[in-house]
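Comments concern the structure below.
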Amino acid sequence: DQGDLPLERRVLLRRSPNGFGFNIVGGDGDEGIYISFIQTGGVADKSGELRKGDRILSVNNIDFRGVTHEDAATVLKNCGDTAELHVIYKYDDFIRFENR
Amino acid sequence: LQTKNYRQSAV
């Protein structure tokens, strides 16, 4: 299982016709962007290197720390065939979205 | 009431 993933990772994803196969939440103020859902069988799932609760720090070296939700989604939808995600596992920060 | 909605986007 993904218990042995390092907390901080750089993950390279190749876009499929359905995108990268994960959902994001956050981007309100500088709370950050988090992976909230990973589609089974999608690119992110198949990579085995991303997990729900990961905070996305950058995409293709575009800083995601203070980005808005809108801009984050736009970058991820238009970043071309591959996305290099710099992520850090922050489940305890992510969990507040689940409790809203 | 939590007025702060949170948006979720599929990418």
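Below, each value reflects all heavy atoms present in this structure, side chains not excepted, and no hydrogens, waters or symmetry copies. The chains referred to below are lettered A, B, ... by the order of the sequence lines, with proteins before strands, and numbering in each begins at 1.
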Under 3.5 Å donor-acceptor pairs involving side-chain atoms of residues 79-88 of chain A, not counting sequence neighbours:
from: A:His86; atom 1: NE2; to: A:Glu8; atom 2: OE2; distance (Å): 2.6

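- Sorted by first and then second residue, the pairs that involve residues 53-70 of chain A and meet side-chain hydrogen bond (donor to acceptor under 3.5 Å, both in side chains), not counting sequence neighbours, are A:Arg9-A:Asp54, A:Asp63-A:Arg65, A:Thr68-A:Asp71, A:His69-B:Ser9, A:Glu70-B:Arg7.
- For the options A:Gly27, A:Gly19, A:Ser36, heavy-atom pairs under 4.5 Å to chain B are most numerous at A:Ser36.
- Interface summary for chain B: among A:Phe37, A:Tyr34, A:Phe20, the most heavy-atom pairs under 4.5 angstrom belong to A:Phe20.
- The hydrophobic cluster containing A:Leu57 does not contain A:Ile35, counting ILVMFWY residues as joined when their side-chain heavy atoms lie under 4.5 angstrom apart, directly or transitively.
- For the set A:Leu76, A:Asn18, A:Val43, the count of heavy-atom pairs under 4.5 angstrom toward chain B peaks at A:Leu76.
- Residues A:Leu12 and A:Phe22 do not share a hydrophobic cluster, defined by chaining ILVMFWY side chains whose heavy atoms lie under 4.5 Å apart.
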